[in-house]
Peer 1: 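Got a structure for you, written out below as C-alpha coordinates; questions coming shortly.
Letters A, B, ... mirror the listed sequences (proteins, then strands); counts begin at 1.
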Amino acid sequence: MPELPEVETIRRDLAPLVTGRTIVDVEVDPGTIHLLAGVPLETLRASLAGRTIRSLGRRGKYLLFELDDGRWWAAHLRMTGRLVWRPHDAPPEPYERARVVLDDGHDLRWSDLRKFGTWRVHASADEVVGRLGPEPIDPGLTAAQFRRVFEGRTAPVKAVLLDQRRFAGLGNIYVDEALFAARIRPDTPAGQLSRAALGRLYRACREVLERGIAHRGASFRDYVDGQGNEGRQHMFVQVFRRTGKPCYACGTPIERSIVGGRATHYCPRCQRPARRPQRREARRAG
DNA sequence: ATATACTCCTGCATGC
DNA sequence: TGCATGCAGGAGTATA
(Lines give C-alpha, C1' and ligand atoms only; values in the text may rest on other atoms or scores of the structure.)
Protein backbone atom coordinates (compact mmCIF):
# COMPACT_ATOMS: atom_id res chain seq x y z
CA MET A 1 0.00 0.00 0.00
CA PRO A 2 2.19 2.78 -1.17
CA GLU A 3 1.62 6.00 0.74
CA LEU A 4 3.74 9.12 0.77
CA PRO A 5 6.89 7.54 2.30
CA GLU A 6 6.79 4.59 -0.10
CA VAL A 7 6.23 6.75 -3.18
CA GLU A 8 8.94 9.16 -2.04
CA THR A 9 11.39 6.27 -1.61
CA ILE A 10 10.66 5.09 -5.14
CA ARG A 11 11.09 8.63 -6.42
CA ARG A 12 14.47 9.02 -4.75
CA ASP A 13 15.61 5.65 -6.09
CA LEU A 14 14.50 6.24 -9.66
CA ALA A 15 15.20 9.95 -10.10
CA PRO A 16 18.97 9.62 -10.72
CA LEU A 17 18.39 6.60 -12.97
CA VAL A 18 15.77 8.11 -15.27
CA THR A 19 16.63 11.80 -15.37
CA GLY A 20 18.00 12.64 -18.82
CA ARG A 21 16.94 9.27 -20.23
CA THR A 22 14.84 9.12 -23.38
CA ILE A 23 11.80 6.84 -23.63
CA VAL A 24 12.14 4.45 -26.56
CA ASP A 25 8.90 2.50 -26.32
CA VAL A 26 5.94 1.69 -24.10
CA GLU A 27 4.34 -1.74 -23.75
CA VAL A 28 1.10 -2.44 -21.87
CA ASP A 29 -0.62 -5.77 -21.30
CA PRO A 30 -3.96 -5.48 -23.14
CA GLY A 31 -5.77 -6.97 -20.13
CA THR A 32 -4.71 -4.04 -17.98
CA ILE A 33 -7.59 -1.79 -18.94
CA HIS A 34 -7.68 0.36 -15.84
CA LEU A 35 -4.14 1.63 -16.28
CA LEU A 36 -4.82 3.97 -19.18
CA ALA A 37 -8.33 4.98 -18.08
CA GLY A 38 -9.77 4.71 -21.56
CA VAL A 39 -6.87 6.33 -23.38
CA PRO A 40 -5.77 4.19 -26.36
CA LEU A 41 -2.32 2.70 -26.00
CA GLU A 42 -1.24 4.37 -29.24
CA THR A 43 -2.13 7.75 -27.80
CA LEU A 44 -0.02 7.09 -24.74
CA ARG A 45 2.83 5.77 -26.83
CA ALA A 46 2.72 8.88 -29.00
CA SER A 47 2.91 11.01 -25.85
CA LEU A 48 5.86 9.18 -24.29
CA ALA A 49 8.00 7.67 -27.05
CA GLY A 50 10.86 9.95 -28.01
CA ARG A 51 10.42 12.15 -24.95
CA THR A 52 13.30 12.75 -22.58
CA ILE A 53 12.61 12.72 -18.83
CA ARG A 54 13.62 16.05 -17.31
CA SER A 55 12.92 15.19 -13.69
CA LEU A 56 11.01 12.88 -11.43
CA GLY A 57 8.85 14.50 -8.77
CA ARG A 58 6.14 13.48 -6.37
CA ARG A 59 3.00 15.01 -5.00
CA GLY A 60 0.90 13.12 -2.47
CA LYS A 61 0.96 9.56 -3.75
CA TYR A 62 1.56 10.50 -7.39
CA LEU A 63 4.86 10.04 -9.20
CA LEU A 64 5.32 12.89 -11.68
CA PHE A 65 7.67 12.44 -14.63
CA GLU A 66 8.42 15.80 -16.23
CA LEU A 67 8.85 15.41 -19.99
CA ASP A 68 10.93 17.55 -22.32
CA ASP A 69 7.84 18.88 -24.11
CA GLY A 70 6.58 20.38 -20.87
CA ARG A 71 3.99 17.70 -20.27
CA TRP A 72 3.77 15.39 -17.24
CA TRP A 73 3.40 11.64 -17.01
CA ALA A 74 1.59 10.94 -13.74
CA ALA A 75 1.66 7.42 -12.30
CA HIS A 76 -0.36 6.28 -9.29
CA LEU A 77 0.42 2.89 -7.73
CA ARG A 78 -2.89 2.61 -5.87
CA MET A 79 -2.82 -0.57 -3.78
CA THR A 80 -0.49 -3.11 -5.30
CA GLY A 81 1.47 -1.17 -7.89
CA ARG A 82 5.25 -1.43 -8.17
CA LEU A 83 7.69 0.45 -10.35
CA VAL A 84 11.20 -0.96 -10.61
CA TRP A 85 14.26 -0.32 -12.78
CA ARG A 86 15.56 -3.39 -14.58
CA PRO A 87 17.89 -4.30 -17.44
CA HIS A 88 15.92 -4.68 -20.65
CA ASP A 89 16.75 -8.39 -20.89
CA ALA A 90 15.78 -9.20 -17.28
CA PRO A 91 12.93 -11.69 -16.88
CA PRO A 92 9.44 -10.26 -16.35
CA GLU A 93 8.48 -9.13 -12.87
CA PRO A 94 5.71 -10.97 -11.02
CA TYR A 95 2.40 -9.47 -12.20
CA GLU A 96 4.21 -7.23 -14.66
CA ARG A 97 1.56 -5.29 -16.59
CA ALA A 98 3.56 -2.71 -18.49
CA ARG A 99 7.05 -1.48 -19.21
CA VAL A 100 8.68 1.69 -20.38
CA VAL A 101 11.80 1.04 -22.44
CA LEU A 102 14.60 3.55 -21.90
CA ASP A 103 17.49 4.41 -24.19
CA ASP A 104 20.22 3.05 -21.88
CA GLY A 105 19.29 -0.62 -21.99
CA HIS A 106 16.99 -0.49 -18.98
CA ASP A 107 13.23 -0.53 -18.49
CA LEU A 108 10.84 0.81 -15.93
CA ARG A 109 8.75 -2.27 -15.10
CA TRP A 110 5.20 -1.75 -13.86
CA SER A 111 3.75 -4.57 -11.73
CA ASP A 112 0.26 -4.45 -10.34
CA LEU A 113 -1.44 -7.54 -8.98
CA ARG A 114 -4.84 -5.92 -8.69
CA LYS A 115 -4.54 -3.59 -11.68
CA PHE A 116 -5.86 -0.52 -9.89
CA GLY A 117 -2.90 1.67 -10.79
CA THR A 118 -3.22 4.51 -13.29
CA TRP A 119 -1.02 6.30 -15.83
CA ARG A 120 -1.92 9.53 -17.49
CA VAL A 121 -0.13 12.25 -19.42
CA HIS A 122 -1.15 15.79 -18.54
CA ALA A 123 -0.44 19.19 -20.04
CA SER A 124 0.36 20.60 -16.62
CA ALA A 125 1.20 19.17 -13.22
CA ASP A 126 -1.68 21.12 -11.78
CA GLU A 127 -4.15 19.01 -13.73
CA VAL A 128 -3.02 16.06 -11.65
CA VAL A 129 -2.43 17.52 -8.26
CA GLY A 130 -4.51 20.69 -8.23
CA ARG A 131 -7.20 19.17 -6.07
CA LEU A 132 -4.81 17.72 -3.50
CA GLY A 133 -4.51 19.22 -0.06
CA PRO A 134 -1.18 20.22 1.49
CA GLU A 135 1.29 17.55 2.53
CA PRO A 136 1.66 17.13 6.29
CA ILE A 137 5.45 17.15 5.84
CA ASP A 138 5.39 20.44 3.94
CA PRO A 139 7.64 22.75 6.00
CA GLY A 140 5.36 25.63 5.03
CA LEU A 141 2.29 24.04 6.61
CA THR A 142 1.70 25.80 9.91
CA ALA A 143 -0.06 24.33 12.93
CA ALA A 144 -2.82 26.89 12.52
CA GLN A 145 -3.41 25.88 8.90
CA PHE A 146 -3.42 22.26 9.97
CA ARG A 147 -6.00 22.86 12.70
CA ARG A 148 -8.32 24.74 10.38
CA VAL A 149 -8.89 21.65 8.22
CA PHE A 150 -10.67 19.92 11.11
CA GLU A 151 -12.91 22.79 12.14
CA GLY A 152 -16.62 22.12 12.00
CA ARG A 153 -16.32 18.64 10.55
CA THR A 154 -18.44 15.81 11.86
CA ALA A 155 -16.58 13.08 9.98
CA PRO A 156 -14.20 10.94 12.05
CA VAL A 157 -10.72 12.44 12.30
CA LYS A 158 -9.39 9.37 10.52
CA ALA A 159 -11.64 9.99 7.50
CA VAL A 160 -10.42 13.60 7.29
CA LEU A 161 -6.77 12.50 7.36
CA LEU A 162 -7.39 9.93 4.63
CA ASP A 163 -9.17 12.43 2.34
CA GLN A 164 -6.51 13.51 -0.16
CA ARG A 165 -8.33 16.82 -0.76
CA ARG A 166 -7.67 17.72 2.90
CA PHE A 167 -4.12 16.38 3.16
CA ALA A 168 -2.14 14.56 0.52
CA GLY A 169 -0.05 11.49 1.16
CA LEU A 170 -1.49 9.76 4.21
CA GLY A 171 -3.04 6.30 3.84
CA ASN A 172 -4.33 3.68 6.23
CA ILE A 173 -1.00 2.69 7.75
CA TYR A 174 0.36 6.13 8.57
CA VAL A 175 -3.02 7.47 9.70
CA ASP A 176 -3.38 4.73 12.33
CA GLU A 177 0.21 5.32 13.42
CA ALA A 178 -0.19 9.09 13.62
CA LEU A 179 -3.40 8.84 15.66
CA PHE A 180 -1.65 6.50 18.09
CA ALA A 181 1.31 8.84 18.41
CA ALA A 182 -1.12 11.72 19.05
CA ARG A 183 -3.17 9.60 21.52
CA ILE A 184 -6.40 10.28 19.62
CA ARG A 185 -9.21 7.75 19.11
CA PRO A 186 -9.66 7.39 15.33
CA ASP A 187 -13.46 7.73 15.40
CA THR A 188 -13.41 11.09 17.19
CA PRO A 189 -15.44 13.63 15.22
CA ALA A 190 -12.85 15.92 13.68
CA GLY A 191 -14.49 19.11 14.87
CA GLN A 192 -14.44 17.98 18.51
CA LEU A 193 -10.66 17.75 18.77
CA SER A 194 -9.11 20.14 21.25
CA ARG A 195 -6.43 22.57 20.22
CA ALA A 196 -3.91 20.52 22.21
CA ALA A 197 -4.95 17.29 20.49
CA LEU A 198 -4.60 18.91 17.08
CA GLY A 199 -1.17 20.15 18.05
CA ARG A 200 -0.13 16.60 18.89
CA LEU A 201 -1.64 15.33 15.64
CA TYR A 202 0.19 17.96 13.60
CA ARG A 203 3.52 16.84 15.01
CA ALA A 204 2.59 13.14 14.84
CA CYS A 205 1.69 13.25 11.15
CA ARG A 206 5.04 14.79 10.33
CA GLU A 207 6.95 12.37 12.52
CA VAL A 208 5.40 9.16 11.23
CA LEU A 209 5.85 10.21 7.60
CA GLU A 210 9.46 11.28 8.14
CA ARG A 211 10.20 8.04 9.96
CA GLY A 212 8.57 6.08 7.15
CA ILE A 213 10.85 7.77 4.64
CA ALA A 214 13.89 7.15 6.84
CA HIS A 215 13.02 3.45 6.92
CA ARG A 216 12.42 3.37 3.16
CA GLY A 217 8.72 2.56 3.46
CA ALA A 218 6.60 -0.21 4.93
CA SER A 219 6.45 -3.58 3.15
CA PHE A 220 3.45 -5.37 4.62
CA ARG A 221 2.72 -7.16 1.41
CA ASP A 222 3.22 -5.60 -1.98
CA TYR A 223 5.44 -2.56 -1.65
CA VAL A 224 9.01 -2.60 -2.88
CA ASP A 225 11.32 0.31 -3.68
CA GLY A 226 12.68 1.32 -7.09
CA GLN A 227 15.20 -1.52 -7.01
CA GLY A 228 12.69 -4.17 -5.95
CA ASN A 229 13.78 -4.28 -2.29
CA GLU A 230 11.47 -4.19 0.73
CA GLY A 231 11.37 -1.30 3.18
CA ARG A 232 11.73 -1.63 6.94
CA GLN A 233 9.04 0.61 8.38
CA HIS A 234 6.61 -2.32 8.93
CA MET A 235 9.01 -3.55 11.63
CA PHE A 236 8.47 -0.39 13.62
CA VAL A 237 4.70 0.11 13.52
CA GLN A 238 2.98 0.62 16.86
CA VAL A 239 -0.61 -0.37 16.07
CA PHE A 240 -1.18 -1.12 12.38
CA ARG A 241 -2.24 -4.79 12.01
CA ARG A 242 -1.26 -5.52 15.61
CA THR A 243 -4.80 -6.53 16.64
CA GLY A 244 -4.76 -8.38 19.97
CA LYS A 245 -1.08 -7.79 20.57
CA PRO A 246 0.08 -5.74 23.56
CA CYS A 247 0.48 -2.01 23.14
CA TYR A 248 4.19 -1.16 23.34
CA ALA A 249 3.37 1.74 25.65
CA CYS A 250 0.94 0.19 28.14
CA GLY A 251 0.48 -3.51 27.36
CA THR A 252 -3.25 -3.26 26.60
CA PRO A 253 -4.27 -5.40 23.61
CA ILE A 254 -4.58 -3.40 20.40
CA GLU A 255 -8.15 -3.24 19.11
CA ARG A 256 -9.48 -3.29 15.58
CA SER A 257 -12.61 -1.60 14.31
CA ILE A 258 -13.95 -0.07 11.12
CA VAL A 259 -13.72 3.71 10.80
CA GLY A 260 -14.51 5.50 7.59
CA GLY A 261 -14.96 2.10 5.98
CA ARG A 262 -11.36 1.07 6.70
CA ALA A 263 -9.79 -1.39 9.08
CA THR A 264 -8.58 0.68 12.02
CA HIS A 265 -6.12 -0.20 14.77
CA TYR A 266 -5.73 1.60 18.09
CA CYS A 267 -4.85 1.20 21.74
CA PRO A 268 -8.03 1.58 23.81
CA ARG A 269 -6.06 2.86 26.78
CA CYS A 270 -3.52 5.20 25.21
CA GLN A 271 -6.13 6.57 22.79
CA ARG A 272 -9.00 7.51 25.09
CA PRO A 273 -12.34 8.50 23.57
CA ALA A 274 -13.17 12.20 23.58
CA ARG A 275 -14.55 12.91 27.07
CA ARG A 276 -17.70 14.54 25.81
CA PRO A 277 -18.37 17.30 23.36
CA GLN A 278 -15.95 19.95 24.51
CA ARG A 279 -17.66 23.21 25.03
CA ARG A 280 -15.45 25.98 23.82
CA GLU A 281 -15.97 29.71 23.91
CA ALA A 282 -17.02 31.06 20.54
CA ARG A 283 -13.81 32.29 19.05
CA ARG A 284 -13.56 35.38 17.01
CA ALA A 285 -12.50 34.58 13.49
CA GLY A 286 -9.07 35.83 13.05
C1' DA B 1 -21.96 21.54 0.16
C1' DT B 2 -20.73 16.91 3.28
C1' DA B 3 -20.58 11.96 4.48
C1' DT B 4 -21.04 7.37 3.09
C1' DA B 5 -21.44 3.20 -0.06
C1' DC B 6 -20.00 1.03 -3.93
C1' DT B 7 -16.64 -0.32 -7.55
C1' DC B 8 -12.36 -1.72 -9.79
C1' DC B 9 -9.15 -6.70 -9.27
C1' DT B 10 -6.69 -10.77 -7.43
C1' DG B 11 -4.52 -13.66 -3.84
C1' DC B 12 -4.74 -15.32 0.50
C1' DA B 13 -6.58 -16.42 5.12
C1' DT B 14 -10.40 -18.25 7.30
C1' DG B 15 -14.18 -21.40 8.27
C1' DC B 16 -17.43 -24.99 7.38
C1' DT C 1 -9.44 -32.11 1.57
C1' DG C 2 -12.24 -28.75 -1.04
C1' DC C 3 -14.83 -24.86 -1.69
C1' DA C 4 -17.15 -20.51 -0.48
C1' DT C 5 -16.64 -16.30 1.76
C1' DG C 6 -14.58 -12.05 2.86
C1' DC C 7 -10.75 -9.20 3.49
C1' DA C 8 -6.95 -6.21 1.82
C1' DG C 9 -7.78 -0.22 1.18
C1' DG C 10 -6.34 3.80 -3.13
C1' DA C 11 -9.60 6.87 -4.97
C1' DG C 12 -13.16 7.95 -8.46
C1' DT C 13 -18.00 7.81 -8.81
C1' DA C 14 -22.65 7.58 -7.24
C1' DT C 15 -26.01 8.44 -3.79
C1' DA C 16 -28.50 10.31 0.32
Side-chain angles (χ1 to χ4, degrees), chain A residues 1-11 28-39 58-64 74-83 92-98 110-120 122 127-133 135-136 148-179 186-193 208-209 212 217-224 233-234 237 239-244 255-266:
Chain A
M1 300 133 269
E3 306 179 22
L4 187 155
E6 288 75 28
V7 180
E8 176 62 17
T9 301
I10 294 170
R11 187 199 70 75
V28 179
D29 178 325
T32 311
I33 344 159
H34 225 72
L35 184 65
L36 306 184
V39 175
R58 180 196 58 76
R59 181 79 167 82
K61 303 172 191 172
Y62 287 90
L63 283 168
L64 296 170
H76 197 300
L77 300 158
R78 294 291 180 103
M79 310 244 301
T80 59
R82 296 175 166 189
L83 190 62
E93 294 294 301
Y95 306 106
E96 182 175 314
R97 311 295 188 194
W110 181 266
S111 297
D112 192 358
L113 186 152
R114 289 169 72 179
K115 303 191 220 181
F116 288 168
T118 55
W119 286 5
R120 197 141 178 213
H122 294 266
E127 277 183 21
V128 198
V129 301
R131 290 201 302 281
L132 294 180
E135 302 197 357
R148 202 164 302 135
V149 175
F150 300 86
E151 278 174 13
R153 305 208 174 276
T154 57
V157 56
K158 171 160 180 171
V160 173
L161 291 170
L162 284 172
D163 186 339
Q164 303 297 297
R165 295 169 305 174
R166 314 282 178 215
F167 297 106
L170 291 163
N172 212 32
I173 299 172
Y174 292 93
V175 163
D176 279 6
E177 294 297 306
L179 288 167
D187 62 356
T188 310
Q192 280 184 24
L193 291 167
V208 299
L209 291 172
S219 294
F220 280 93
R221 185 182 209 79
D222 298 292
Y223 164 74
V224 293
Q233 175 59 24
H234 56 285
V237 293
V239 290
F240 186 76
R241 291 204 188 161
R242 294 196 63 245
T243 311
E255 290 190 4
R256 181 187 184 276
S257 66
I258 303 294
V259 178
R262 306 278 167 74
T264 296
H265 314 78
Y266 65 97

Peer 1: Would you classify Arg241(A) as touching base, sugar-phosphate or nothing, given that sugar-phosphate means primed atoms plus P, OP1 and OP2, and contacts are heavy atoms under 4.0 Å?
Peer 2: sugar-phosphate
Peer 1: Asp112(A) has an atom CG; how far is it from atom C1' of dC9(B), in whole Å?
Peer 2: 9 Å
Peer 1: Can you tell me if CZ on Arg120(A) sees more than 12 non-hydrogen neighbours from other groups inside 6.0 Å?
Peer 2: no
Peer 1: Under 4.0 Å, heavy atoms only, any strand: does Ala263(A) hit a base, just the sugar-phosphate, or nothing?
Peer 2: sugar-phosphate
Peer 1: Students often get this wrong, so: under 4.0 angstrom with heavy atoms, is Pro189(A) touching a base, only sugar-phosphate, or nothing?
Peer 2: nothing
Peer 1: Any protein N or O atoms within reach of nucleotides 12-16 of chain C? Criterion: under 3.5 Å, listing atom names and distances.
Peer 2:
| residue | atom | partner | partner atom | Å |
| --- | --- | --- | --- | --- |
| dG12(C) | OP1 | Tyr62(A) | OH | 3.2 |

Peer 1: Side-chain atoms of residues 168-176 of chain A: list all donor-acceptor pairs with protein atoms under 3.5 Å, sequence neighbours left out, distances to 0.1 Å.
Peer 2:
| residue | atom | partner | partner atom | Å |
| --- | --- | --- | --- | --- |
| Asn172(A) | OD1 | Lys158(A) | NZ | 2.7 |
| Asn172(A) | ND2 | Ala263(A) | O | 3.0 |
| Tyr174(A) | OH | Glu6(A) | OE2 | 2.8 |
| Asp176(A) | OD1 | Lys158(A) | NZ | 2.8 |
| Asp176(A) | OD2 | His265(A) | N | 2.9 |
| Asp176(A) | OD2 | His265(A) | ND1 | 2.8 |

Peer 1: Measure from CZ on Arg114(A) to C1' on dG6(C) and round the result to the nearest Å.
Peer 2: 12 Å
Peer 1: Rounded to whole Å, please give me the gap between CG in Leu77(A) and C1' in dC9(B).
Peer 2: 16 Å
Peer 1: Say we look at dA11(C) and dG11(B): how far apart would their P atoms be, to the nearest angstrom?
Peer 2: 23 Å
Peer 1: Base, sugar-phosphate, or nothing: which does Thr118(A) touch, judged by heavy atoms less than 4.0 Å apart?
Peer 2: nothing
Peer 1: With the side chain of Tyr95(A) defined as its heavy atoms from C-beta on, choose the nearest nucleotide among dA11(C), dT4(B), dT10(B).
Peer 2: dT10(B)
Peer 1: Under 4.0 Å: is that the gap between some side-chain N or O of Lys115(A) and OP1 or OP2 of dT10(B)?
Peer 2: yes
Peer 1: Which listed nucleotide (dA3(B), dC8(B), dG9(C)) is nearest to the side chain of Phe240(A)?
Peer 2: dG9(C)
Peer 1: Angle class for the Trp119(A)/Trp110(A) ring planes (parallel below 30°, perpendicular above 60°, tilted otherwise)?
Peer 2: perpendicular
Peer 1: What is the separation between atom CG on Leu162(A) and atom P on dA11(C), rounded to the nearest whole Å?
Peer 2: 9 Å
Peer 1: Take N1-N3 plus N6-O4 or O6-N4 for Watson-Crick, N1-O2 plus O6-N3 for G-U, both under 3.5 Å. Which runs of 3 or more such pairs involve DNA chain B?
Peer 2: B:2-8 with C:10-16, B:10-16 with C:2-8
